[in-house]
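Written out below as structure tokens is the structure these notes cover.
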Amino acid sequence: MTAPYWVLVMAIAVLAALVVFGLVIGARVVRQLQHGRVDEQFLEAKDQHEQSLAALRTAADEASTAVDDAKAKAASVRAEAAAAKAEANAARAEARRVLEAAHAEADTILDHAHRQAESDAEQVRVAARRSGEREVALLNATAKEQAAEVERRAARIDERERLHADEVERLTERERRLAAMDTDLTGREAALTRREAALATAEEEHRRELERIAGLTAEAARAELVDSIEGQAKREAALLIRDIENDARSTAETRARHIVVDAIQRVASEQTAESVVSVLHLPSDEMKGRIIGREGRNIRAFESTTGVNLIIDDTPEAVLLSCFDPVRREVGRLTLEKLVLDGRIHPHRIEEVFESAKSEVERLCDRAAEEALVDVGITDIHPELATLLGRLRYRTSYGQNVLKHLVETAHIAGIMAAELRLDVPTIKRCAFLHDIGKALTHEVEGSHALIGADLARKYGESEDVVHAIEAHHNEVAPQTMEAVLTQASDACSGGRPGARRESLEAYVKRLERIEEIAAGKLGVDKVFAMQAGREIRVMVRPEEIDDIGAAVLARDVAKQIEEELTYPGQIRVTVVRESRVTELAR
């Protein structure tokens with residue numbers, strides 16, 4: 001319900017109330033008039049009634065006005081409702097039209113879907129028919145193949161049965177032949193038994209006849225025959241021994257070379273440069289003044305404490321430390337390095353840092369000795385010998401570190417001992433300790449071989465080890481296999497290519513002289529010194545030198561090199577004579 005409707009209802013209710021109120025007042029006035037009591041109260045009531053009527057009239061007018069307004073609004077509402085109804089009717093008509101169009105389109109789509117479904121169903125039926133035909137054909141082919149396979153299997157089974165039957169026949173025939181042969185063998189065995197008995201009788205008679213003719217018994221004849229065979233066997237054995245010795249002499253050198261080469265190839269070692277001078281780099285040249293100290297007191301205190309000469313020259317940001325004892329030089333270098341890093345350089349501080357550096361170098365030496373012993377596989381050794389071995393960490397010989405040289409020599413000796421079926425641990429121990437005397441050569445006078453032998457004997461090493469140490473430079477004639485192998489492994493380690501260095505000038509001059517010697521021979525075309533001068537290849541002109549001349553040339557070049565040059569190891573001379581013949585195929 002709308003607002004005008006409610007306004008109209010309220011106006012009607014007010015009018016009804018006013019009418020009821022007027023009727024009540026009128027009835028009361030009529031009763032008073034009938035009773036004749038007109039007084040002031042009646043007049044007041046009348047006035048009030050008139051005022052009320054006026055108010056009611058006013059209210060009635062307002063209500064009528066509101067009713068008119070409500071009627072006008074109701075009319076406009078009815079007009080709007082009519083317009084809405086018309087729009088609703090139009091919408092219903094449009095909806096019916098759209099619905100009818102939708103029904104028509106749905107019918108069309110449904111019809112098209114039916115036709116498409118029938119077409120698809122037909123295609124599916126055709127495809128299914130074709131697939132079924134293919135499957136049927138495939139099944140027929142498979143069935144035919146299986147039938148053929150069954151026939152082939154049946155044929156093979158028949159053939160196998162036939163072969164089995166033939167084999168049974170053959171076995172039966174073989175059994176018959178074996179039975180016949182068994183019978184024949186039985187007869188032959190009986191005949192052989194009779195013949196052996198006859199032969200034994202004849203042999204006994206023959207032996208008695210021989211004893212009668214020779215005048216010797218069988219035992220005497222056997223002893224004479226044994227003596228004759230023994231003399232012949234000794235003569236043949238002497239000839240065989242001579243042949244074996246000749247063969248051993250011809251192959252011993254080759255075999256030894258193979259063993260040495262294999263030992264050298266299986267050991268790889270480093271090379272260091274020998275020097276009695278260490279270089280310490282400084283952060284700036286100002287540090288040189290602090291190292292020297294006031295009136296040179298710091299440098300004097302350093303040299304007196306460490307025993308190392310300190311050389312300060314014009315070399316920028318560097319000083320030199322010189323000392324023949326490599327361990328002492330390393331202690332001095334480490335002391336100076338710590339002083340430079342600390343910055344406090346004075347005599348008392350130098351002594352403190354020197355003690356610390358000395359302890360650190362001793363620890364490094366002990367660690368180096370332990371690592372070397374573990375590498376070689378030696379566990380039971382006197383602690384003093386281990387300490388001396390650690391000092392060799394800072395000792396070099398012709399550019400080769402002595403401690404690494406000992407480890408390398410021990411490995412080479414062990415490999416050669418294994419090849420020769422000798423006591424590997426003992427020989428490795430001899431080779432590892434052979435240069436132990438070099439740790440004291442600057443303190444004790446004498447050869448390092450003899451000094452090392454005395455040390456080994458002092459600290460409980462066996463006589464084989466002591467003898468190998470003292471004989472490795474032939475100061476004592478080697479008497480055992482251990483001494484000989486120690487010499488050989490020491491030579492291999494020191495003489496291998498790159499182990500020890502020589503001056504560049506002497507090396508270049510030696511190579512040039514080797515090439516000059518070979519190039520000065522007749523018939524030589526080109527000369528190449530190879531493998532650091534350890535091999536020389538001579539190319540000759542084939543028209544001037546034949547094969548025999550090439551062999552003579554190689555021998556002459558090798559002999560002249562031996563007479564004129566001094567070199568480590570050996571030099572191989574290879575003469576190459578090449579003949580080429582070229583023809584054209586047309």
Side-chain angles (χ1 to χ4, degrees), residues 252 256 259-260 262-264 266-267 269 327 362 365-393 395 397 400-496:
I259 292 174
V260 171
D262 181 65
I264 293 175
R266 291 169 62 182
V267 176
S269 301
V327 178
E362 288 178 355
C365 291
D366 293 340
R367 185 181 305 168
E370 291 175 1
E371 292 176 356
L373 290 170
V374 170
D375 191 6
V376 176
I378 298 175
T379 56
D380 53 336
I381 192 170
H382 197 278
E384 292 297 330
L385 287 180
T387 303
L388 293 175
L389 287 171
R391 296 177 64 180
L392 294 177
R393 179 177 185 267
R395 178 69 185 269
S397 177
Q400 188 178 27
N401 184 273
V402 176
L403 184 57
K404 293 185 181 296
H405 164 65
L406 295 181
V407 174
E408 179 180 351
T409 304
H411 286 313
I412 294 174
I415 294 170
M416 289 194 282
E419 292 288 337
L420 298 174
R421 307 292 193 277
L422 299 177
D423 186 5
V424 175
T426 301
I427 293 177
K428 289 181 71 174
R429 194 181 191 95
C430 295
F432 183 67
L433 296 175
H434 78 278
D435 274 345
I436 189 66
K438 288 186 177 180
L440 295 178
T441 51
H442 59 284
E443 300 176 3
V444 180
E445 293 184 359
S447 169
H448 73 275
L450 299 179
I451 296 173
D454 293 338
L455 286 173
R457 187 178 292 109
K458 176 182 177 181
Y459 294 116
E461 293 294 330
S462 64
E463 286 300 322
D464 291 335
V465 176
V466 173
H467 176 66
I469 294 174
E470 65 184 3
H472 78 275
H473 280 317
N474 288 320
E475 294 169 337
V476 176
Q479 301 294 331
T480 61
M481 290 295 296
E482 289 81 1
V484 174
L485 280 184
T486 301
Q487 280 187 339
S489 58
D490 183 26
C492 291
S493 176
R496 66 176 177 81

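The shortest non-hydrogen separation linking V476 to A471 is O-CB, 3.1 Å. Residue N474 comes nearest to P478 through the heavy atom pair OD1-CD, 3.6 Å, listed as atom of the first residue, atom of the second, then distance. Closest approach of A410 to A431, counting heavy atoms only: CA-CB, 3.8 Å. I436 approaches L392 most closely through the heavy-atom pair CA-CD1, 4.4 Å. Heavy-atom minimum distance, I469 versus A456: CD1-CB, 3.7 Å. Contact record, C430 with A468: CB-CB, 3.7 Å, taken as the closest heavy-atom pair.
With a 4.5 Å cut-off on side-chain heavy atoms, I451 and K438 do not count as touching. With contacts defined as side-chain heavy-atom distances shorter than 4.5 Å, the pair L385/E461 qualifies. Considering only heavy atoms from C-beta on, F432 stays 4.5 Å or farther from T409 through its side chain.
Of the residues listed (H411, E370, E408), the one engaging D375 in a side chain to side chain contact (heavy atoms under 4.5 Å, CB included) is H411, and it is the only one.
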Working note: K428 + I378, criterion side chain to side chain contact (heavy atoms under 4.5 Å, CB included); need CA distance, chi angles, decisive distance, verdict. CA-CA 9 Å; K428 289 181 71 174; I378 298 175; 5.7 Å; no

Between I415 and V424, does the side chain to side chain contact (heavy atoms under 4.5 Å, CB included) criterion hold? Intermediate values first, please. CA-CA 8 Å; I415 294 170; V424 175; over 6 Å; no

Check the pair I381, Y459 against side chain to side chain contact (heavy atoms under 4.5 Å, CB included), reporting the backbone distance first and the verdict last. CA-CA 9 Å; I381 192 170; Y459 294 116; over 6 Å; no

Could you go through E470 and R457, starting from their C-alpha distance and side-chain angles, then the distance that decides it, and tell me whether this counts as side chain to side chain contact (heavy atoms under 4.5 Å, CB included)? CA-CA 11 Å; E470 65 184 3; R457 187 178 292 109; 4.0 Å; yes

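Checked by atom type and distance alone, the side chain of H467 pairs as donor or acceptor with a backbone atom of Q479 at under 3.5 Å. Under a 3.5 Å cut-off, the side chain of S489 and the backbone N or O of T486 do form a donor-acceptor pair. Judged by distance alone, the side chain of H473 and the main-chain N or O of E475 form no donor-acceptor pair under 3.5 Å.
Atoms CD and CG, from E371 and L403 in turn, are 9.5 Å apart once rounded to the nearest 0.5 Å. Annotation: the span from I427 atom CD1 to E482 atom CD amounts to 5.0 Å, rounded to 0.5 Å. Atom SG in C365 sits 8.0 Å away from atom CZ in R391 (nearest 0.5 Å).
Ring geometry, H405 versus H434: the interplanar angle exceeds 60°, so the pair is classed perpendicular (tilted spans 30 to 60°).
Between H448 and H472, the distance from one ring center to the other falls under 6.0 angstrom.
Between R429 and D380 there is a salt bridge, with a side-chain nitrogen of the basic residue lying less than 4.0 Å from a carboxylate oxygen of the acidic one.
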